[in-house]
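Okay, so here's the structure we're looking at.
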Protein chains: 2
Amino acid sequence: MHAGRPLHSERRGRQSSSSGRYTDEVPKQPRRITLRDIAEETGLSAAAVSYALRGLQVPPETQRRVREVADRLGYQADPIARALASGRTGYVGVLCGSLADVWQQDIAAALGRKFLSVGRHTLIADASNDPELEATLASQLADQRVDALIVLPVDPAAAHWKEVARRTVLTSIGDGLPGAATAAEVVFDNGAGVTDALHRLVDCGHRRIAVMTPSRPTTPDRPAEAIAHQVAQSLGLDVTLHPSPHDLDGATAVARTVLSSANPPTAFLCLADSMAYGVYAGARELGLDVPDDVSVMGFDDHPLSRLLTPPLSSYRWPADLLVDLVVKRTVKAIDEDKLSRRKVLAPAAKPRGSVAPPRTTRR
Amino acid sequence: MHAGRPLHSERRGRQSSSSGRYTDEVPKQPRRITLRDIAEETGLSAAAVSYALRGLQVPPETQRRVREVADRLGYQADPIARALASGRTGYVGVLCGSLADVWQQDIAAALGRKFLSVGRHTLIADASNDPELEATLASQLADQRVDALIVLPVDPAAAHWKEVARRTVLTSIGDGLPGAATAAEVVFDNGAGVTDALHRLVDCGHRRIAVMTPSRPTTPDRPAEAIAHQVAQSLGLDVTLHPSPHDLDGATAVARTVLSSANPPTAFLCLADSMAYGVYAGARELGLDVPDDVSVMGFDDHPLSRLLTPPLSSYRWPADLLVDLVVKRTVKAIDEDKLSRRKVLAPAAKPRGSVAPPRTTRR
DNA sequence: GCGCATCACTGAAGCGCTTAACCCAAGAGA
DNA sequence: TCTCTTGGGTTAAGCGCTTCAGTGATGCGC
C-alpha cells in the first residue's frame, strides 16, 4: 500500500479538486473529507483544526474560520478514528435481560433516543433471560469498547459484573449489582411492590398464589423472590414461584401448566406484565375467566396492559424519570468519572379489573 | 506522548511481566492484550499473528500455536482498530420508522439477535415517524461507518436514500426505495393486504372506512395509500386516510377524533396493529363496542393482538423469514458485494373477532 | 544441478484522529 | 531593555490493527 498510490504526497497537491487522479474510474465512495483537507484549505495544521473543531484552545476567530470551511466541505469526523485515538467510542451498550418483554423494549427504545440526543449511539443486546448468554454479551460489549454499559440484569448476583465494572462504566437498572463498582444504579423497590401486591391479594381472599418470575432457579436470592417468600411466610400463604420467559407463547405455556395442576392457584402475581399476558392467554385456553376464576397482577404497567379485558392490575415505575436518571448519571460517569449513589424507585400501584375475590365454589 | 513513556521500546523488553513500570500505580484497566503481545510470545511478527488469527495464509501448525497463545493470554482483537484499518466496522445500523410500534420493536430485536449470531452488532435508531429525523439519522449512521443500514422507511420516496446507498450497503424492509441502489429489499405486498382487507370489510357491509396510516400527508404516493384509494374508487367506498403515530396515546387520540366526527366510519383499517390498539382504546373511551359499533382490522399481527377482546383481525408477515432474508442478503452484500433481487412477501389474513357487520341502527 | 515458483513470514505504511511536547512572536512586568 | 509569560500554533508519536510488497528458504521439474 505504500507504493501504489502515494496517498499523502498526492493529497498535498493543493486543492481537493480532481487534480492528478486516475480520473476515469468513478469514485463510488466520494472519498471522505478528512481533517487534513480542512487543514490544507485553511493553511493550518491538522492538529489545530482538530482543536478548533472541538472548541479547545479557543482562538474564536480561527475557530469560526475552521468551522466555516468544515461546513462547506461537509466534514464529518470519523468516529472510528476518533475512538481509536481518544480511547472513547461514543457508544453505549444496552444489555436487556429479555427483549421479549414489552416493557424492556420500551426502555431500550427510550434509552436509545435519549442517548442519541446527547450524541451517543447505543448497541442493544438481548440476553434472552439466559445468565450465561448475559455474561458472554456483557464481555463482548466491553470488548467493543463501549464507553458504558447499561444493564437490566438477569442475574444481578453473577460474578462477572465486577470484572465488567472494571472494564467500563457500568449502570444497572432494576436490580443492583452487589459487589460490582457500578457507576449508577437505578433500582426498583420490588420488595415494596411484591409486599403490597401480596397483601392486596390476601385482602381479597386469595391464599394460593403463583408468582411468575424471570429468574432461573439458580438465582433464588433475588430481592423480589426473597421477599415474596418472606411475606408468604408471615401471612401463612401458599406461594409458589414459577420461572417464566417473557414472550407470550412461553409465558402462556407456564401459565397453562400451573393452572392445570392439581391444586391450582387462585391468583397470579407476575413480575412483568409480559408474563401476565401469558396468564390471560393460558386462562382463556382453559376456559377460565379473569378475574372470576383467576386473578392476575402484573409489574411495569405497560401501556397495553390497560387495554386488555379486564385491564391488568399492575405497578408502574416512572419510566421517564428512570431513563433520564440513567442517561444523566451514566454520562456523568463517562465524562467526569463521577459515580452516583444508588437511586431506588418506588412502585405506584395501578389496581384494575384483573383482581377479584376467588370464586368460593372453586377449589 | 513521545517522551514520557517510551511505549514500544518498553514493551519490547521481553515478557509482559510487570517489568520496569512505574509500579505503584495500580492499573485499573489491566492493559489490553494486543497483537504485539502475541507476536512476542510466539516469536512471530504482528502481521503474521494477524493473518494467522484470521485463518489467512494458512500454515496450520503455526495457526494452532498462535491461537493457543492468544487464548491463553485472553486476546480479543480491538474492533475499533480493526475497523479503522480495514474500513469495515462490523456494525449494522437499524433505522426504524417508529419504535413505538410493537411490531417494529420485535423486528428490531430479532434483527439484533440474528446479526449478533453472525458476529455483528447493531446500532438501533428510531425515526419516530418523522421523515426529517429519518434523514438525519440515516446520514448520521452512515457517518458512523456502519457496514450496512437496514431501514424500515418512513418516507420511501425521499431523495436522500440514493445518497445513503452510495455510502453504505442499504437494505429496506416494508417498502422499497425507488431510485436508490439498495443491496436488498424485502417488501410487503401491502397492496394485496389493503385490497383484501377493504373487500372483506365491504363484504361485511361497511361503506365508510377510515384508514390509519403511518404516513405524513407529504407522502401520499406510498403503495398502500395509493391502493387504498384505487380500491375505494373502484368499489365506490367512502374511504378517508388518517395519519397516526404508533404509540397508544397518539393513536387513541386520532381514533377518538375520527370516531366523534360528524359521520363516523363504521370500520377502521390500520396499517399497523399498534394503531388498531388505539382504536380499541378510543372506542372504549366513547363507549363504543368493537366490533358491534366499529370494526377494526390491523396489519402485522403482533402476538398481543390475538389477546385483545375481541381478538384483532390482522395480516401476518412471515417475520422469521423476513429477518432471515434481510440478514442473509445484507451480509452477502457486505462480504461479497452482491446485490439481491427484491423479495415481496405476501400477507396471510388472520380474520378474527374484531370485524362484524355494521349495526344498521347506527349511522 | 539450476531456475523458478511456493511457502512462510517480515517490514513498513497507512487508517484518521488525538494529544503531549515543543516553539515562536508579541505583550507584560520589572 | 530584558526576561517571563501567554496565546496560537506546529510536530510528531501513537492508538492497534490490516495489507501491500518484499525476501530468504525450500521444493520441484527437467
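As the structure is a prediction and not an experimental result, all values here were calculated from the model. In what follows, every chain begins at residue 1, and chains take the letters A, B, ... in the order their sequences are listed.
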- Item | Sugar-phosphate, base or nothing in reach of B:Ala77, heavy atoms under 4.0 Å | sugar-phosphate
- Listed partners of A:Thr171 passing side-chain hydrogen bond (donor to acceptor under 3.5 Å, both in side chains), at least two apart: A:Thr330
- Taking atom C1' of C:dC7 as reference, at what distance in whole Å does atom CD of B:Gln63 sit? 14 Å
- Message: Less than 4.5 Å apart, side chain to side chain, heavy atoms only: is that true for A:Val69 and A:Val49?
- Response: no
- Residues that A:Arg145 engages under salt bridge (Lys or Arg N to Asp or Glu O under 4.0 Å), provided they are two or more places apart: B:Asp78
- Kindly point out which of D:dT18, C:dT18, C:dC17 is positioned nearest to the side chain of A:Tyr75? C:dC17
- With a 4.5 Å limit on heavy-atom distance, are the side chains of B:Thr122 and B:Ile150 in contact? no
- Task: For B:Arg36 and D:dC17, give me the distance from atom CZ to atom P, rounded to whole Å.
- Result: 9 Å
- Query: What nucleotide among C:dC17, D:dT18, D:dT19 has an atom nearest to a side-chain atom of B:Ala47?
  - Reply: D:dT19
Heteroatom pairs (N/O) under 3.5 angstrom, protein to nucleotides 6-9 of chain D:
from: D:dG9; atom 1: OP2; to: A:Thr62; atom 2: OG1; distance (Å): 2.6
from: D:dG9; atom 1: N7; to: A:Gln57; atom 2: NE2; distance (Å): 2.8

- side-chain contact (heavy atoms from CB on, under 4.5 Å) partners of A:Lys328, counting only residues at least two apart: A:Asp324
- Query: Any side-chain N or O of A:Arg32 less than 4.0 Å from the OP1 or OP2 oxygen of C:dG16?
  - Reply: no
- Note on the structure: Taken in chain and number order and not counting sequence neighbours, the residues that satisfy salt bridge (Lys or Arg N to Asp or Glu O under 4.0 Å) with A:Glu185 are A:Arg342
- Task: Would you tell me if any nitrogen or oxygen in the side chain of A:Ser50 comes within less than 4.0 Å of OP1 or OP2 on C:dT18?
- Result: yes
- Query: So, A:Arg54 versus A:Ser50: side-chain donor-acceptor pair below 3.5 Å or not?
  - Reply: yes
- Message: Let me check the geometry of the helix from C:dG1-D:dC30 to C:dA30-D:dT1. What is the bend angle between the axes at its two ends, five pairs each, to 10°?
- Response: 40°
- Message: Among D:dC15, D:dT19, C:dC17, which nucleotide has an atom closest to any side-chain atom of A:Leu84?
- Response: D:dC15
- Task: Look at B:Arg166 together with B:Glu163 and state whether they make a salt bridge at an N to O cut-off of under 4.0 Å.
- Result: yes
- Task: Taking only the side-chain nitrogens and oxygens of A:Arg54, find out if one of them lies under 4.0 Å from OP1 or OP2 of C:dC17.
- Result: no
- If you measure from the Lys or Arg side-chain nitrogens to the Asp or Glu carboxylate oxygens, is any gap between A:Arg167 and A:Asp143 under 4.0 Å? yes
